[in-house]
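Heavy-atom basis, side chains included; hydrogens, waters and symmetry copies ignored. Predicted, not measured: the structure shown is a model, and the values here were computed from it.
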Amino acid sequence: MAKYESKVKQINAPVQNVYAILSNLENFRPMLEGLKDNEMIREKLREAGQDPAQLDSLKDVSLTADRIAFPAPMVGEVALRIVDLEENRCIKFQTEQSPVEANLWIQVLPVTDCTSKLRLTLKADLNPMVKMMIGSKIEKGIDAFADMLAMIQYN
């Protein structure tokens, strides 16, 4: 399995708040609904050479408290489910529907009573050719995802 880790991100909120938000995927529904109409996000995608119209597919994201499923071009639906929770420490996800077996860990730890740190770890069963072709993009993507999680208002 290939392993990708984000940089450690600092969060200005107690670990209990961070864990409470991240361990229930329903908390992301308002954020997802607001993304497709967010002009700043659309501009960032344009700057990155991406088509902002891809945000329209967010309407097809399915969320429950412990599962997220989303459409993936040429693959169909990809789903992740929370498979283990370690209170105020770690949230572990496993792919359910995916052409690649993978797991994602969101680790959160207290720094002080009012601050926390977060790190993402992705392990994916990639063949060597795929790893060589997209490994660096996965690394950047996992770090960008950690940045996004660090920007959420947890207080």
Side-chain angles (χ1 to χ4, degrees), residues 1-11 18-19 21-109 116-152 154:
M1 285 226 171
K3 181 178 178 179
Y4 303 93
E5 288 185 324
S6 71
K7 294 180 179 90
V8 174
K9 308 298 178 178
Q10 297 295 318
I11 299 172
V18 176
Y19 179 83
I21 297 286
L22 296 179
S23 63
N24 181 347
L25 299 177
E26 284 282 348
N27 292 322
F28 291 94
R29 186 174 307 283
M31 290 177 239
L32 285 174
E33 290 171 356
L35 278 178
K36 64 181 175 162
D37 299 322
N38 186 315
E39 191 52 43
M40 183 180 78
I41 299 292
R42 289 185 172 278
E43 185 57 34
K44 291 280 186 193
L45 286 171
R46 282 187 208 96
E47 289 171 7
Q50 301 286 323
D51 182 4
Q54 67 186 323
L55 292 174
D56 296 336
S57 67
L58 291 175
K59 70 182 181 322
D60 299 323
V61 172
S62 167
L63 279 174
T64 64
D66 68 347
R67 184 177 185 270
I68 183 168
F70 47 89
M74 300 185 327
V75 175
E77 186 178 74
V78 173
L80 290 168
R81 181 175 297 279
I82 294 174
V83 294
D84 192 21
L85 295 168
E86 295 176 40
E87 190 170 356
N88 298 331
R89 291 189 46 84
C90 190
I91 304 154
K92 298 177 183 178
F93 295 83
Q94 179 72 39
T95 52
E96 268 190 348
Q97 293 173 238
S98 171
V100 174
E101 184 179 331
N103 59 56
L104 173 71
W105 291 15
I106 302 175
Q107 298 161 294
V108 293
L109 293 170
S116 308
K117 59 184 176 179
L118 172 139
R119 177 189 296 213
L120 301 182
T121 302
L122 174 71
K123 291 182 182 176
D125 190 14
L126 302 175
N127 71 47
M129 181 67 130
V130 171
K131 184 178 175 182
M132 184 178 73
M133 289 176 13
I134 65 170
S136 64
K137 291 181 182 187
I138 293 172
E139 188 74 45
K140 287 179 186 173
I142 201 78
D143 212 45
F145 185 42
D147 283 337
M148 182 189 76
L149 293 178
M151 288 190 271
I152 293 172
Y154 293 99

Trainee: Checking Leu104 against Phe145 for the side chain to side chain contact (heavy atoms under 4.5 Å, CB included) test, could you report, in this order, the C-alpha distance in whole Å, the side-chain angles of both residues, the deciding distance, and whether it holds?
Mentor: CA-CA 12 Å; Leu104 173 71; Phe145 185 42; 4.1 Å; yes
Trainee: Kindly compute the distance separating CG (Asn27) from CZ (Arg29), expressed to the nearest 0.5 Å.
Mentor: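 Rounded to the nearest 0.5 Å, the CG-CZ separation comes to 10.5 Å.
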Trainee: To the nearest 0.5 Å, what is the distance between CG (Leu118) and NZ (Lys7)?
Mentor: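 Result: 14.0 Å between the selected atoms.
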Trainee: Identify, with sequence neighbours excluded, every residue that meets side chain to side chain donor-acceptor pair (under 3.5 Å) alongside Lys123.
Mentor: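 With sequence neighbours excluded, Lys123 shows a side chain to side chain donor-acceptor pair (under 3.5 Å) to no residue whatsoever.
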Trainee: Does any pair with a residue in residues 60-76 pass side-chain hydrogen bond (donor to acceptor under 3.5 Å, both in side chains), and if so which ones, sequence neighbours excluded?
Mentor: Thr64-Asp66, Asp66-Arg81, Arg67-Glu96, Arg67-Gln97
Trainee: Identify the heavy atoms of Tyr19 and Cys90 that sit nearest to each other, and give their distance.
Mentor: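 The answer is CE1-O, 4.0 Å.
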Trainee: Filter on salt bridge (charged side-chain N to carboxylate O under 4.0 Å, His left out), then keep only pairs touching residues 124-136, sequence neighbours left out; what's left?
Mentor: none
Trainee: Kindly check if the number of other-residue, nucleotide or ligand heavy atoms within 6.0 Å of CZ (Arg46) is above 12?
Mentor: yes
Trainee: Checking the side chain of Ser98 only, and the main-chain atoms of Val78 only, is there a donor and an acceptor separated by less than 3.5 Å?
Mentor: no
Trainee: I'd like to check the side-chain contact (heavy atoms from CB on, under 4.5 Å) partners of Phe28; sequence neighbours left out, ordered by chain and number.
Mentor: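 Once residues adjacent in sequence are excluded, the partners of Phe28 under the side-chain contact (heavy atoms from CB on, under 4.5 Å) criterion are Leu22, Leu25, Met31, Leu63, Leu149, Ile152.
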Trainee: Do the non-hydrogen side-chain atoms of Gln107 and Glu86 ever get within less than 4.5 Å of each other?
Mentor: no
Trainee: I need the Arg89 CZ to Ile106 CD1 distance, nearest 0.5 Å.
Mentor: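 Between Arg89 CZ and Ile106 CD1, I get 14.5 Å after rounding to 0.5 Å.
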Trainee: Looking only at heavy atoms, what is the nearest atom pair of Ala65 and Ile82, with distance?
Mentor: O-CD1, 4.0 Å
Trainee: Is Lys9 paired with Asp143 through a side-chain N to carboxylate O contact shorter than 4.0 Å?
Mentor: yes
Trainee: Report the distance from atom CG of Leu85 to atom NZ of Lys92, rounding to the nearest 0.5 Å.
Mentor: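 Result: 10.0 Å between the selected atoms.
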Trainee: Would you say that Tyr4 contacts Leu126 through its side chain, given a criterion of any heavy-atom pair below 4.5 Å between the two side chains?
Mentor: yes
Trainee: State, to 0.1 Å, how close Leu45 and Pro52 come at their nearest heavy-atom pair, and which atoms those are.
Mentor: CD1-CA, 4.0 Å
Trainee: Looking at OG1 of Thr121 and CD of Glu5, how far apart are the two atoms once the value is rounded to the nearest 0.5 Å?
Mentor: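 Answer for the OG1-CD pair, Thr121 versus Glu5, is 4.0 Å.
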Trainee: State whether the side chain of Ser6 and the backbone N or O of Leu120 hold a donor-acceptor pair below 3.5 Å, judged by distance alone.
Mentor: yes
Trainee: Can you list everything that forms a side-chain contact (heavy atoms from CB on, under 4.5 Å) with Lys140? Sequence neighbours excluded, please.
Mentor: none
Trainee: Grab the two heavy atoms, one from Ile138 and one from Leu122, that are nearest each other, plus how far apart they are.
Mentor: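 The answer is CG2-CD2, 3.6 Å.
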Trainee: What residues, two or more places apart in sequence or in another chain, satisfy side-chain contact (heavy atoms from CB on, under 4.5 Å) together with Met129?
Mentor: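 Met129 satisfies side-chain contact (heavy atoms from CB on, under 4.5 Å) with Asn127, Met132, Met133 once adjacent residues are dropped.
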